[in-house]
Amino acid sequence: MIDKLPTLLQLLKNLQQVPYLASKNIYRVASHFLLMDSEKAEQFCKIILEAKRKLTQCVICFSWRENDRDCLFCSAVKRDQRTVCVVETWQELLAIEKTGGYNGVFHVLGGVISPLEGVDAQDLTIQQLVHRVQSGVTEIILALNQTPEGEATSAYIASKLKGTSVTLSCLARGLPVGSSLEAMDRLTVYKALSERRPF
Ligand SMILES: [Zn+2]
């Protein structure tokens, strides 16, 4: 039946390509867009295109930056450029920034190694992190989520940095297992970071 509605089929197929969107929600999301008033839908598309045009990933830390401005972190003279906090995504970076207690810089990996989801080390920015360490970095804080994939990724990074003089640390113990930084309250993240321990 649905092949007689080619436009709807096309919309559904495109929504299917959005990661993190559960397949059972695709019909609901499609309805949401179809029922949206045209002006709002156009505005929505415009914002996506504008974001794509005006935002790029910093080539050093891989967080987002406005094209016409320097990276908020890598170009900040007041931040300690020798301490690099490694996070999975931009969301965890924000969780750490929100504590107001971190003055180093970041490295956004773009995810974690997950063979089940087809993500391997080459899909992440691990190689770039290893290169970055050679430019005066003294401490790497592995602030990945406390999941099996997060821990395996931390171990992989540590193996890649073996033999360098950089100090490796990780978040304090006592964080709920399986929890993600962005879901934790500000104080918990702050404590986890300030009471960090050697990896
Ligand atoms: Zn940067």
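When a ligand or atom number is given, it counts from 1 through the structure's own listing order.
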Problem - From CG (Leu181) to SG (Cys85), nearest 0.5 Å - result: 8.0 Å

Practice task
For atom CD of Glu117, decide whether the heavy atoms of other residues, nucleotides or ligands shown that lie under 6.0 angstrom number more than 12.
Solution key: no

Exercise for the section: Please answer whether the main-chain N or O of Arg69 pairs with a side-chain N or O of Arg65 as donor and acceptor at a distance below 3.5 Å. Expected result: yes

Handout entry: Residues Lys46 and Glu39 bridged, charged N to O under 4.0 Å
Key = no

Practice task
Determine, for Glu97 against Arg79, whether the closest basic-nitrogen to carboxylate-oxygen distance falls under 4.0 angstrom.
Solution key: yes

Problem - If only protein N, O or S atoms under 2.8 Å count, total around the Zn ion (ligand 1) - result: 4

Handout entry: Pair Phe44 and Phe33, ring centroids less than 6.0 Å apart
Key = yes

